[in-house]
Every structure is written in C-alpha cells, then in structure tokens.
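Bear in mind the structure is a predicted one, so any value in this text is a computation, not a measurement.
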Amino acid sequence: MVRLPLTPEEVERGQRLGALLRRARGERSMLLTALEAGLSPETLRKIESGRIATPAFPTIAAIADVLGLSLDAVWSEINHSGDGAGLAGSGHDTIERLAS
C-alpha cells in the first residue's frame, strides 16, 4: 500500500495536535503518559513533535483519555487554523482522514 504525501493542512493539524498534547501533559512524565495510553514513549514523542501528523484515531482517543481531554476539545483545537477558520471539507471527511 502506498501512502500519499501529507498535505500542508495535515502537517499543520499534526503540529497543532502535538502542541495541544504537550500543553495538556504539562509536567507529567512522557513515559508514564505513554504507558498509561498503551503506546511507546517514542510514539508519543513523535506525535507531540508533529513527526506523526496523522495518528490513528484510537491512539488519539487513548492519549486524550489519559490526559483528561474530551475528543470534542481535541477536534476543535486541531481544526482551528491560524486565520480563525476551520479546515476545508466536511467534518466527516476530515475525521475519516484523521482516523486513517
């Protein structure tokens, strides 16, 4: 299976996701957060740094649960663009892309 290159919007959304998770984690240990979410610290580090810009939906859900974030809040934050407008496309199309 060939994975298509990420669009600039997807890269930006991944960076916003990483920033949100870093802020929410605060002083909490990356190791403990990752283990509680059922993933490796390296995976969490890559998501927080934006190197994994489109993590699987269950991964986002697990991290959000550990950090006490609602998925609605995560969705709202990562789809907020710098100009105050949401990303183009319907919410369903965008969530399918995020979940893939």
* To do: Begin from the C-alpha positions of Arg16 and Val74 and carry the test side-chain contact (heavy atoms from CB on, under 4.5 Å) through to its verdict.
  => CA-CA 10 Å; Arg16 286 191 299 272; Val74 172; over 6 Å; no
* Please round to the nearest 0.5 Å and tell me the distance separating atom CG of Leu39 and atom CD1 of Ile47. => 6.0 Å
Which donor-acceptor pairs under 3.5 Å do the side chains of residues 59-68 make with protein atoms, sequence neighbours left out?
none

* What heavy-atom pair brings Arg13 and Ile78 nearest, and what distance separates the two atoms? -> CG-O, 3.2 Å
* To do: List in chain and number order the residues that pass side chain to side chain contact (heavy atoms under 4.5 Å, CB included) with Arg51, two or more places apart in sequence or in another chain; answer none if no residue qualifies.
  => Glu42, Arg45, Lys46, Ser49
* **With sequence neighbours excluded, residues passing side chain to side chain contact (heavy atoms under 4.5 Å, CB included) with Ala73** => Ser70
* Asked: Should Pro55 and Thr43 count as side-chain neighbours, where that means a heavy-atom distance under 4.5 Å?
  -> no
* Any donor and acceptor pair, going by atom type alone, linking the side chain of Glu10 with main-chain N or O of Thr7 inside 3.5 Å? -> yes
* **Atom pair CG/CE of Leu21 and Met30 - distance to nearest 0.5 Å** => 10.0 Å
* **Other cluster members, Leu35 - Ile/Leu/Val/Met/Phe/Trp/Tyr, side-chain contacts below 4.5 Å** => Leu31
* **Ionic contact status for Arg23 with Glu77, cut-off 4.0 Å** => yes
* When rounded to the nearest 0.5 angstrom, what distance separates CH2 in Trp75 from CG in Leu69? -> 15.5 Å
* Mind checking what makes side chain to side chain contact (heavy atoms under 4.5 Å, CB included) contact with Ala34, not counting sequence neighbours? -> Pro41, Leu44
